[in-house]
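Heads up, the thing below is written out as structure tokens.
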Amino acid sequence: MTCISKQIVIIVACLLSTIAWGQSKGLQDTLRYEINPHMVRQHFKGWGVSLCWWAGQCGKWDDEKIDEIITWLVSPEGLNYNIFRYNIGGGDDPRNRHCELHHMAKGKGLRAEMEGFKDSIGDVYHWERDAPQRKIMLKIREKRPDAIFEAFSNSCPYYMTYSGCVAGHQDGGKDNLRPEYYEAFARYLVDVCKHYKDKYGIEFKTLAPFNESATNYWRANGSQEGCHFDYDSQIKFIQVLAPILRQSGLKTEISTADETSVGQAIAGLERYVAAGADKFVGQWNTHTYGGSIEEKIRYGELARMTGKRLWMSETGAGGKGIAGNLNMAQRLIDDMRYIQPEAWIDWQYMEEANDQWCTIRGSFDGHTFAKVKNYYVRQQCSRFIRQGYDVIATECRQSLAAVSANRDTLVIVALNQDTIAKTHIIDLSQFSQLSDGSNIHTYRTSASENLSDASRSVSLDGNNLFLELPAQSITTLVIKLTK
């Protein structure tokens, strides 16, 4: 039996045993499971969010408002995010010779229009461009000196494309970067990274040259920058980019391939490995807009077999109200449990038209903003599972557990998406440092609560911890362990 098959069998067995136990006790709304501190799943490096596209809008605000939203984003008492993805814009043709003026406004809005740093192959770099996104990045670095930055590209500049439009080829299934511009595009990306290191002291940890490029999403006159690359084209471009990046003197490594679903990420990773191109890659990135548990397990295992780092670099979802927020929380937990990434990264921090794809909502032009329910739901994980913690094994899919590096703190996140209350009975017998219930701090977010004190919902009986979860809620336990 393969390792993947064994993991699936274990998952199913745990679910069946939990159901059987509950039925035997007449407790069909009770989940019983064990947490094992000796089985470390991943050493966690942090939570994050893309700067595309909210930063290009919020960076135009006054300093006082920027300070506030960045504090909410990076402070340990806020979202506690420490990883940020800077978008290197390709830039459309300023004269719109091959695409409609403001075509991105038809979908994602004018916020999706990214400036390029050059208007032609022979142009000089216009480093004054993209000032708002840069201002946000510099403010993050000021408030969070340990911040990790990744640079990523959605498209090459328009003058390197077949279509003349950074939204994609006329045929979404065809490459838009002309092969004769592979080297020019590679140098463009590296030059931007080098500029930020030399001018601002920001050295990107990684550079991601592709974004969901195996899909057929990206078409001329579309709603955002995008560029299809067949897997063979990705590999050829990586082979051009790698020596240029190495010769730059930067420590930045290549990350790839940021496919939209885990299934596509598996296909791409297998192609890279088969071609021997994984030697050029320092980190594997995947998005999780799609992906089964089995695919997440397989992708994580394949990535770790190459000896490279692994990030979940982008995700998000729609929905409605607390139910939509908790559905996204289950995806987060599944990503962390089954892919086992070192980092988990949101797509958007701020939105205008919804409260699901973001954690704050407001008006870019009106310079207004407020936290939404999703902010507190995300905090239940990001505020308490801190950078440097080890994610450890828990038998229940609706839970996530981690311990601090010095093993003096245990964090348990428990989720209840159902419309009826649930009870979790958690076996902590493997924690020899467990003391008494006075060292347990409990926080809950529900339709009527935002990271509220939920100490009355938990009790400790010997090594068994009893946790009451109201309908549609998420609870975090922070347990201090004795030395």
Side-chain angles (χ1 to χ4, degrees), residues 85-91 116-118 120-125 127 148-162 166 175-214 225 227-259 265 267-286 302-311 313 342:
R85 304 185 75 222
Y86 171 81
N87 182 208
I88 300 176
F117 289 105
K118 297 177 71 174
S120 67
I121 193 68
D123 195 10
V124 297
Y125 282 98
W127 295 123
I148 297 168
F149 294 100
E150 175 173 69
F152 78 100
S153 168
N154 288 325
S155 174
C156 56
Y158 80 94
Y159 53 83
M160 300 182 188
T161 68
Y162 281 104
V166 294
D175 290 1
N176 203 27
L177 174 63
R178 294 176 179 270
E180 61 265 32
Y181 287 111
Y182 276 17
E183 182 177 344
F185 182 43
R187 292 194 182 280
Y188 177 81
L189 295 174
V190 173
D191 285 350
V192 173
C193 292
K194 189 80 163 57
H195 174 74
Y196 274 99
K197 174 64 164 60
D198 295 344
K199 177 71 174 178
Y200 300 103
I202 291 179
E203 185 163 27
F204 295 107
K205 185 177 185 66
T206 42
L207 168 62
F210 313 120
N211 178 65
E212 301 182 355
S213 292
E225 290 193 350
C227 188
H228 179 88
F229 284 86
D230 289 337
Y231 290 130
D232 287 344
S233 301
Q234 290 184 25
I235 291 167
K236 289 175 182 176
F237 181 76
I238 288 290
Q239 292 170 334
V240 173
L241 175 63
I244 293 172
L245 182 58
R246 184 172 60 251
Q247 292 160 13
S248 72
L250 294 170
K251 297 178 182 178
T252 305
E253 296 179 305
I254 295 171
S255 55
T256 195
D258 288 280
E259 301 297 359
L269 193 155
E270 289 177 334
R271 291 286 289 277
Y272 274 75
V273 171
D278 55 310
K279 66 184 177 183
F280 301 116
V281 177
Q283 176 178 294
W284 300 109
N285 285 359
T286 187
L302 289 173
R304 284 185 290 278
M305 285 172 62
T306 68
K308 315 292 184 178
R309 290 188 307 275
L310 172 58
W311 282 11
S313 56
E342 292 185 11

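Taking Asp123 as the reference, nothing meets the salt bridge (Lys or Arg N to Asp or Glu O under 4.0 Å) condition, with sequence neighbours excluded. Residues forming a ring-ring contact (aromatic ring centres under 6.0 Å, His included) with Tyr200 (at least two apart in sequence, or on another chain): His195, Tyr196. Residues passing the salt bridge (Lys or Arg N to Asp or Glu O under 4.0 Å) test with Lys194 are Asp198, sequence neighbours excluded. Partners of Asn87 under the side-chain contact (heavy atoms from CB on, under 4.5 Å) rule, at least two apart in sequence or in another chain, are Cys52, Trp53, Met114, Gln133, Phe152, Asn154. Among residues two or more places apart in sequence or in another chain, the salt bridge (Lys or Arg N to Asp or Glu O under 4.0 Å) test is passed with Glu212 by none. Listed by chain and residue number, Phe210, Gln234, Tyr272, Val281, Trp284 satisfy the side-chain contact (heavy atoms from CB on, under 4.5 Å) test with Thr256 (two or more places apart in sequence, or in another chain). Partners of Ser255 according to the side-chain contact (heavy atoms from CB on, under 4.5 Å) rule, which considers only residues two or more places apart in sequence or in another chain, are Glu150, Thr206, Ala208, Gln283, Asn285. With sequence neighbours left out, Ala184 forms a side-chain contact (heavy atoms from CB on, under 4.5 Å) with Ile121, Met160, Tyr181. Applying the salt bridge (Lys or Arg N to Asp or Glu O under 4.0 Å) rule to Glu203 yields no partners; only residues at least two apart in sequence or on another chain are considered. For the side chain to side chain donor-acceptor pair (under 3.5 Å) test, residues two or more places apart in sequence or in another chain that qualify with Asp191 are Tyr125.
Side-chain contact check for Ser233 and Asp175: at least one donor-acceptor pair (N or O, by modelled atom type) lies under 3.5 Å.
Here the closest heavy-atom approach between residue Ser213 and residue Cys227 is recorded as OG-O, 2.9 Å. Of all heavy-atom pairs between Cys156 and Val166, the closest is O-CG1, 3.4 Å. In terms of heavy-atom proximity, Cys193 sits nearest to Phe204 at SG-CD1, 3.8 Å.
Within the 4.5 Å cutoff, the side chain of Leu207 has heavy atoms near those of the Ile88 side chain. Within the 4.5 Å cutoff, side-chain heavy atoms of Ser313 are placed close to those of Arg85.
The CD atom of Glu259 sits 9.0 Å away from the CG atom of Asn211 when rounded to the nearest 0.5 Å. Separating the CG atom in Leu310 from the CG atom in Leu269 is a distance of 9.0 Å, to the nearest 0.5 Å. Here CZ of Arg178 is found 6.0 Å from OH of Tyr162. Values are rounded to the nearest 0.5 Å. The structure places CD of Glu225 at 11.0 Å from CG of Asn176, a figure rounded to the nearest 0.5 Å. To the nearest 0.5 angstrom, Phe185 atom CZ is 3.5 Å from Ser153 atom OG. For the atom pair CD1 (Ile238) and CD1 (Ile254), the distance works out to 4.5 Å, reported to the nearest 0.5 Å.
Remark: side-chain polar atoms of Tyr188 are paired, donor with acceptor, to backbone N or O of Phe117 under 3.5 angstrom. When atom types are taken as modelled, the side chain of Lys308 and the backbone of Asp278 share a donor-acceptor pair closer than 3.5 angstrom.
Screening residues 228-237 for salt bridge (Lys or Arg N to Asp or Glu O under 4.0 Å), with sequence neighbours left out, gives Asp232-Arg271.
Taking the six-membered ring where the residue is Trp, Tyr182 and Phe229 present tilted rings, their angle falling between 30° and 60°.
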Side-chain donor-acceptor pairs under 3.5 Å in residues 240-250, sequence neighbours left out?
| residue | atom | partner | partner atom | Å |
| --- | --- | --- | --- | --- |
| Ser248 | OG | Leu245 | O | 2.5 |
| Ser248 | OG | Leu250 | N | 3.2 |

